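Just so we're on the same page: letters track the sequence lines, and every chain starts at 1. What you are looking at is a predicted structure, and each value in this text was computed from that prediction instead of being measured.
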Amino acid sequence: MTEFPKSYEPKTAEQKWYERWVEKGYFKPEVNPEGAPFCIVIPPPNVTGSLHMGHALNATLQDILTRWKRMQGEKALWLPGTDHAGIATQNVVERKLAEEGLDRHTLGRDAFIEKVWQWKKEYGDRITHQLRKLGASCDWSRERFTLDEGLSKAVREVFVRLYEDGLIYRATRLINWCPRCRTALSDLEVEHEDLEGTLTYIKYPLVDGTGHITVATTRPETMLGDTAVAVNPDDERYKDFIGKTVELPLTGRTIPIIADKEVDPSFGTGALKITPGHDFNDEAIAKRQDPQLPSITVIGEDGRMTRLAGEKYKGLDRYECRRAVIEDLKELGLLEKQERYSHSVGHCYRCKTTIEPYSTPQWYVKIEPLAKKAIEAVRNKKIRIIPESWENSYFSWMENIKDWCISRQIWWGHRIPVWYCNDCGEIIVSREEPKTCGKCKSENLKQDPDVLDTWFSSALWPFSTLGWPEQTEDLKTFYPTSVLVTAFDILFFWVARMIMMGLRFMDDVPFRDVYIHALVRDAEGQKMSKSKGNVIDPLIMIDKYGTDAFRFTLAAFAAQGRDIKFSEDRVQGYRHFINKLWNATRFILMNLSEKHRDTVLSTDIESAQQTLASRWILSRLAFTIEEVNSALEDYRFNDAANTIYQFTWHEFCDWYIEMAKTEMSEEVRLCLLYTLERILRLLHPFMPFLTEEIWQQLPVKKEKDSITISEYPRPFARNKAAETEMAYIMDAITGIRTIRGELNIPPSEELEVYIKTSTQAVDRTLKENTHYIKKLARAKTVITGMDITKPKGSYTAVKDYLEVYVTLKGLIDISSELERLNKEKKKLEESILFLQKKLHNEEFLSRAPKHIVEKEKEKYNTLIQKQEKLLESIEKIQSLEM
RNA sequence: GGGCGGAUAGCUCAGGUGGGAGAGCGCAGCCCUUACAAGGCUGAGGUCACAGGUUCGAAUCCUGUUCCGCCUACCA
């Protein structure tokens, strides 16, 4: 045969094959025009992003599914793309500007956006190139970006329709505000963190001079905006205070004491200061009052105190102001005490700045009607969430969902398609830019300056990427998509919203399955983050071990419902696996000759084998194919990967190849080649490069130009008889090896072996296959028979259906042999005792299923026989000693 | 406050419907046996967190406890 390289070179193979695959268009669904449609839309990574472990796992799993389905002949589309990631991207570019001493406001809106586009052009492809390195079989000709023209059109269409249907509205109320990003955030974009803070007790003097009422707060600076003090109406201590007025220190204002049933009398002093302008809870109380309490905004959009906070505090940062207020209260003798207090504080999920509840006009989606249908879709199994345990989280979030604030005060994103008439104040919501006001015909119109939440456009991703609102062929073919693969951290952000939007605008679910995979953590179980410095860069892994070893590791780790603690050792382990398979190939090719060029591998091989080993390995192959397919069917990626690993290494390499060496006939060569070829196909979705590299070099007649588009192995009939017979042979071999191993006999010493068989079938099998035993156990002679007696001075290994005796030159070490056998005897006795108890238990016999009872009885009989054999051996040895 | 998940070999983890526990790595011993020392063979190592319960039978189902992790919430 032609020279097969000594070792696998990942780097050259990876580049060579990926380019070929793309060039030939294998990743386009057109390669299987007749197949059933299969579609995955990628969770679009941020354009600012660089491939991290989470992406790598996410992409690997999608690629495994896509390649598997493609090989099964389906019309498989994996649609790639990126997300413009409004706040994140804007932050990145702003940071860059800051380095040049610029900021977006001096630049102006248009120039700034131009800068971002430039940045996107330069760096925006980074992550998709990294996906290519990973082997991702995406159809790049269909790649999308959330700010593409088509997708933008979809966004405007959805906005206008929701507005027309009364599901989008504008309102002024408290919103989560990031004073650094200077934008509103949705509830989801706020991260809560438990922090050690201070609870400050402040005395508010009663105007009538009869004393004071003490309130407790974690945010003293907001007292400048208080408009009431609330107590529980049933709180006896404060009954007489309700309706009175207090003097609000530092402000010169007076505010009422009111009653509200939500006030918890047991917390703090039981009196609650009410700041409707900076606290969600207070806002709700204020609105419940009749008349409603006024709201005063004392902290501005930049996190600094406003004019309304008073001359003295105006312009101070909110934390500076806090210190100042405490100082001043102390001086007035109104600071009662301060105590340590741990509470939860909201932070901006992009820049970690503490959120300030802030009252501004914003656009909202009325979410409840959308959520209702989305709940239904999961409840009636139109959408399956896997693992199912996530359904609970989904339901509980959806059932308590609140209206979604979708406007953001940033520049990078989809501009809200709303115009205001400067003359008559009319609000115009339109797909196209209006020229005149529909009401007063004025041309003096101004577009809303805000952009939409990034998640608004990604919510449309499963249909906007396929061409919606146009009724394209792709849309008709691939919607609903087959499965969405994602991590749980964006279940609410993204998955839930896609379901709502899909149902609303396509009148069908966006995907049939949602597969939720784990988060990748470091070896200590910590979430990987740049600030902790514990990130493992997937690209470094790929560089060190090759893409295939890395991908296989991720798949093997991807057990459902558990986070992944990534360890580099495993990657190394799977690189060894690659080496193993590579060398197995080398061996097989070494045994082929020029005449094997274009060998036809027909499935007839599966049932036409003569030798026991060949019949056995094919039966095991059949089992493996069955198992891998069913594991993938259930998204049990780790089971699929391990099954292939186990079969390839421990059955094919460890046993079959070794046995093949004893009988290298034409038929066996074919069986080796056939099994190898099937292994490659089975493995291809997991290790695309290695398998292609080897496959291309096999001297087999190929019906396809690439393993990528070859057919995935299909299950066929197992041969249970071969598996049973092979078990006898394996028992004999391991029996001999155990003796050799425990006595530290070097492999170079060939043994004389006698095997006593307990049935005719076992005896026949052994007699027909002594060549395997001789070779694999390194035996000079193997004599078998049902009437064999233990030779003098031999060592013994007892198996279920046979006894192995090995004779050795020189004196047998009786005491160590006895010790070994007695140890085994003891184990056996324990097992027998256990089974005896079970089988003497009337209730077990009457209540357990028949087949279980039968099984246990059989087990018992086997053990008893084994015990007899063992005792016999021990007796012999002992009598020999005497 | 509510919810979810985890606790199995020294380490990292598997163990779809209950029928006396497995892998990889590591460890010990013997081996360069003509595909592979990135390898082969053999072996040691576990009261399946704890306490109850259901059952003929529990790592597996139920209840509670402890310890970890996560999600969620308008805890002044």
Side-chain angles (χ1 to χ4, degrees), chain A residues 4 6-7 174 187 192 199 215-219 222 230 262-264 267-275 279-285 341-344 357 389-390 392-393 396-397 400 488-489 491-492 519 521 523 525-527 556-557 559-567 569-570 572-591 630-631 634 636 638-639 642 645-646 650 653-654 657-658 661 734 737-748 775-778 830-831 834-835 838 841-849 851-853 855-856 859:
Chain A
F4 190 74
K6 253 318 226 177
S7 63
L174 280 190
D187 295 340
H192 293 273
L199 193 58
V215 296
T217 179
T218 53
R219 302 201 55 198
T222 62
E262 289 301 306
V263 177
D264 178 3
F267 188 93
T269 60
L272 170 64
K273 65 191 261 324
I274 302 295
T275 323
D279 185 286
F280 292 104
N281 195 27
D282 293 0
E283 183 191 43
I285 291 176
Y341 179 66
S342 142
H343 63 134
S344 149
S389 53
W390 286 105
N392 275 337
S393 304
S396 74
W397 188 69
N400 299 306
F488 64 81
D489 54 346
L491 182 61
F492 307 138
L519 238 46
R521 301 174 183 281
Q526 297 284 308
K527 202 167 168 171
F557 260 127
Q560 285 183 13
R562 198 197 253 240
D563 284 345
I564 294 175
K565 284 192 218 165
F566 193 85
S567 90
D569 288 350
R570 283 287 281 268
Q572 198 164 8
Y574 291 122
R575 187 178 59 170
H576 296 172
F577 175 61
I578 287 175
N579 186 250
K580 189 76 184 172
L581 182 56
W582 185 265
N583 279 293
T585 306
R586 224 157 71 83
F587 171 76
I588 292 166
L589 293 186
M590 275 167 55
N591 281 281
S630 94
D634 300 342
R636 289 181 286 119
N638 58 325
D639 288 343
N642 287 327
Y645 180 95
Q646 196 64 26
H650 299 300
C653 291
D654 287 350
I657 288 184
E658 291 309 315
K661 287 175 182 172
T734 9
R737 282 173 173 174
T738 302
I739 294 171
R740 185 192 287 279
E742 298 209 334
L743 299 174
N744 290 340
I745 304 165
S748 51
K775 167 81 177 174
L776 271 70
R778 310 210 120 236
E830 278 169 18
S831 300
F834 178 83
L835 283 173
K838 204 171 196 176
N841 185 339
E842 277 308 318
E843 297 202 86
F844 172 72
L845 295 175
S846 60
R847 295 205 191 197
H851 71 276
I852 295 290
V853 177
K855 209 170 115 190
E856 299 291 282
K859 219 191 289 176

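Residue Thr734(A) is in sugar-phosphate contact alone, with no base atom involved, counting any heavy-atom pair closer than 4.0 Å across all strands shown. Here Asn642(A) lies out of heavy-atom contact (under 4.0 Å) with every strand. Here Ser393(A) lies out of heavy-atom contact (under 4.0 Å) with every strand. Within the nucleic acid shown, Pro357(A) has no heavy atom closer than 4.0 Å to any nucleic acid atom. Counting any heavy atom pair closer than 4.0 Å across all strands shown, Val263(A) reaches a base atom. Residue-level contact check: Ser831(A) touches the bases, meaning some heavy atom is under 4.0 Å from a base atom. Contacts of Ser396(A) with the nucleic acid, taken as non-hydrogen atoms under 4.0 Å apart, are absent. Among the atoms of the strands shown, none is found under 4.0 Å from any heavy atom of Arg219(A). Counting any heavy atom pair closer than 4.0 Å across all strands shown, Ala284(A) reaches no nucleic acid atom. Contacts of Pro746(A) with the nucleic acid, taken as non-hydrogen atoms under 4.0 Å apart, involve only primed sugar atoms and P, OP1 or OP2. At the heavy-atom level, Phe557(A) lies under 4.0 Å from the strands shown only through sugar-phosphate atoms. Asn579(A) comes within contact range of at least one nucleobase, with a heavy-atom separation under 4.0 Å.
Remark: the separation of the C1' atoms in U55(B) and G20(B) is 16 Å, to the nearest Å. Comparing C27(B) with A9(B), their C1' atoms are spaced 12 Å from each other, to the whole Å. Using atom P as the reference point in both G3(B) and A73(B), the two lie 15 Å apart (nearest Å). When the P atom is used for both G39(B) and G57(B), the distance is 47 Å, rounded to whole Å. If you take atom C1' in G24(B) and the same atom in U65(B), they sit 34 Å apart, rounded to whole Å. The separation of G10(B) from C50(B), taken at their C1' atoms, amounts to 22 Å, rounded to a whole angstrom. Annotation: G45(B) and C25(B) have their C1' atoms spaced 14 Å apart (nearest Å). To the nearest whole angstrom, the two C1' atoms, one in C30(B) and one in A37(B), are 14 Å apart.
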Evaluate Thr222(A) against Lys273(A) for side-chain hydrogen bond (donor to acceptor under 3.5 Å, both in side chains), listing each step before the verdict. CA-CA 9 Å; Thr222(A) 62; Lys273(A) 65 191 261 324; 2.7 Å; yes

Would you please test Leu272(A) and Asp264(A) for side-chain contact (heavy atoms from CB on, under 4.5 Å) and show each step? CA-CA 9 Å; Leu272(A) 170 64; Asp264(A) 178 3; over 6 Å; no

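Remark: Leu199(A) CG to Phe267(A) CZ distance equals 5.0 Å, nearest 0.5 Å. Rounding to the nearest 0.5 Å gives a distance of 9.0 Å between CG of Asp654(A) and CD of Gln646(A). For the atom pair CZ of Phe488(A) and CH2 of Trp390(A), the computed distance is 4.5 Å after rounding to the nearest 0.5 Å. Rounding to the nearest 0.5 Å places CZ of Phe834(A) at 4.5 Å from NZ of Lys838(A).
In this structure, CG of Asn591(A) is placed 11 Å from C1' of U34(B), rounded to the nearest angstrom. The nearest whole Å value for the distance from the CD atom in Glu742(A) to the P atom in U42(B) is 11 Å. The CD1-P distance, from Ile739(A) to U42(B), rounds to 13 Å in whole Å. Straight-line distance from the CG atom of Leu491(A) to the P atom of C4(B): 15 Å, rounded to whole Å. Between the P atom of G24(B) and the CD atom of Gln646(A) lies a distance of 6 Å, rounded to the nearest Å. The interatomic distance linking Tyr341(A) (OH) with C75(B) (P) rounds to 8 Å, in whole Å. Distance, Asn583(A) CG to U33(B) P: 15 Å, rounded to whole Å. Atom P of nucleotide G18(B) and atom CD1 of Ile852(A) are separated by 11 Å, given to the nearest angstrom.
Residue Arg575(A) places its side chain closer to A38(B) than to any other of A35(B), C74(B), A38(B). Candidate nucleotides C36(B), C75(B), A14(B) were compared by shortest atom distance to the side chain of Ser344(A), and C75(B) ranks first. In the set G24(B), A35(B), G5(B), the nucleotide with an atom closest to the side chain of Ser389(A) is G5(B). Side-chain proximity of Asn744(A) to the nucleotides G29(B), G19(B), A35(B) is greatest for G29(B). Comparing G20(B), A35(B), C75(B) against the side chain of Glu856(A) picks out G20(B) as the nearest. When the nucleotides A76(B), G40(B), C70(B) are ranked by their closest atom to the side chain of Phe488(A), C70(B) comes out on top. Comparing C70(B), U42(B), A14(B) by their closest approach to the side chain of Asp639(A) singles out A14(B).
Remark: His192(A) is not in phosphate contact with C70(B), judged by side-chain N or O atoms under 4.0 Å from OP1 or OP2. Phosphate proximity of G39(B) to His576(A): present, with a side-chain N or O under 4.0 Å from OP1 or OP2. Remark: Thr738(A) is in phosphate contact with G43(B), judged by side-chain N or O atoms under 4.0 Å from OP1 or OP2. Taking 4.0 angstrom as the limit, Lys6(A) places none of its side-chain polar atoms (N or O) nearer than this to OP1 or OP2 of A35(B). In this model, the phosphate group of G20(B) is approached by a side-chain N or O of Lys859(A) to a distance below 4.0 Å at OP1 or OP2. Dashed line: the shortest gap from a side-chain N or O of Lys661(A) to OP1 or OP2 of A35(B) is under 4.0 Å.
Both geometric conditions, a ring-centre gap below 5.5 Å and a plane tilt below 30°, are not fulfilled together for Phe844(A) over the base of G57(B).
Remark: A7(B) base-pairs with U66(B). Criterion, Watson-Crick or G-U wobble with two distances under 3.5 Å. Under the Watson-Crick or G-U wobble criterion, with both distances below 3.5 Å, G39(B) is paired with C31(B). If you check G57(B) for Watson-Crick or wobble pairing at under 3.5 angstrom, you find it has no partner at all. Within the shown strands, U72(B) is the pairing partner of G1(B) under the Watson-Crick or G-U definition, both distances less than 3.5 Å.
Looking only at distances, a side-chain donor or acceptor of Arg737(A) sits under 3.5 Å from a matching main-chain atom of Leu776(A). Judged purely by atom type and a 3.5 angstrom limit, Asp279(A) uses its side chain to pair as donor or acceptor with the backbone of Asn281(A). Remark: side-chain polar atoms of Arg740(A) are paired, donor with acceptor, to backbone N or O of Arg778(A) under 3.5 angstrom. A donor-acceptor pair is defined here as one N or O able to donate and one able to accept, closer than 3.5 Å; no such pair exists between the side chain of Asn579(A) and the backbone of Arg575(A).
With hydrogens and angles left out, the side chain of Glu262(A) and the base of A76(B) share no donor-acceptor pair within 3.5 Å.
The residue among Arg778(A) and Asn392(A) whose nearest nucleotide of RNA chain B is located toward the 5' end is Asn392(A). Comparing Ile657(A) and His650(A) along RNA chain B, the residue whose closest nucleotide (by nearest heavy atom) sits nearer the 5' end is His650(A).
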